[in-house]
Engineer: 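Sharing a structure here in structure tokens format.
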Amino acid sequence: MPTRYRFLYTTTGFVIYDARMALVETISAELTVTTPSELSYYEKAWAGLHQQAAYGDQARALIAAALARRRS
């Protein structure tokens, strides 16, 4: 159940293309971030999200459990 897990990062949608550019989506605009000091924020956010994410069998188990709860 998602409420059992601690969510550490809230952010807008973003894509890090490489060490030189990130594309950030907001409600009203799309931003291109190229300043190294600002890019580091997105790299840190990505690292945190990556660490929190479930992969492989763990991800499949979470999805299967959510589907089972929805069907019951």
Side-chain angles (χ1 to χ4, degrees):
M1 173 180 283
T3 57
R4 294 186 312 194
Y5 298 95
R6 192 169 143 209
F7 185 72
L8 300 176
Y9 290 90
T10 58
T11 181
T12 57
F14 66 93
V15 176
I16 300 174
Y17 286 98
D18 55 29
R20 297 173 296 171
M21 185 176 79
L23 185 67
V24 182
E25 298 177 8
T26 70
I27 292 172
S28 63
E30 183 176 273
L31 309 171
T32 301
V33 177
T34 58
T35 306
S37 61
E38 291 182 19
L39 283 170
S40 69
Y41 290 121
Y42 293 97
E43 291 166 351
K44 288 176 186 174
W46 176 254
L49 290 166
H50 180 73
Q51 184 178 2
Q52 287 178 215
Y55 299 92
D57 290 339
Q58 183 186 13
R60 281 186 280 282
L62 287 170
I63 293 167
L67 287 170
R69 282 192 305 276
R70 184 179 172 119
R71 290 181 184 139
S72 59

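For this chain, numbers begin at 1 and follow the sequence in order.
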Engineer: For Tyr55, check side-chain hydrogen bond (donor to acceptor under 3.5 Å, both in side chains) against everything at least two apart and list the hits.
Structural biologist: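 side-chain hydrogen bond (donor to acceptor under 3.5 Å, both in side chains) list for Tyr55, sorted by chain: His50.
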Engineer: Run through the side-chain heavy atoms of Ile, Leu, Val, Met, Phe, Trp and Tyr, join any pair under 4.5 Å, and report what else lands in Leu23's cluster.
Structural biologist: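 Reading the cluster by chain and number, Leu23 sits alongside Val15, Tyr17, Met21.
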Engineer: For a quick test of your reading: what N or O donor-acceptor pairs under 3.5 Å do the side chains of residues 28-43 make, sequence neighbours left out?
Structural biologist:
residue	atom	partner	partner atom	Å
Ser40	OG	Ser37	O	2.7

Engineer: Please enumerate all residues that pass side-chain hydrogen bond (donor to acceptor under 3.5 Å, both in side chains) together with Arg20, with sequence neighbours excluded.
Structural biologist: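 Applying side-chain hydrogen bond (donor to acceptor under 3.5 Å, both in side chains) to Arg20 gives Asp18.
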Engineer: Got a sec, which residues hit side-chain contact (heavy atoms from CB on, under 4.5 Å) with Leu67, two or more places apart in sequence or on another chain?
Structural biologist: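 side-chain contact (heavy atoms from CB on, under 4.5 Å) list for Leu67, sorted by chain: Ile63, Arg71.
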Engineer: Please give me the minimum heavy-atom distance between Ala59 and Ala54, naming the atom from each residue.
Structural biologist: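 Ala59 and Ala54 have their closest heavy atoms at CB-O, 3.5 Å.
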Engineer: Under the salt bridge (charged side-chain N to carboxylate O under 4.0 Å, His left out) definition, can you give me all pairs with a residue in residues 55-68, not counting sequence neighbours?
Structural biologist: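 Qualifying pairs, neighbours excluded: Asp57-Arg60.
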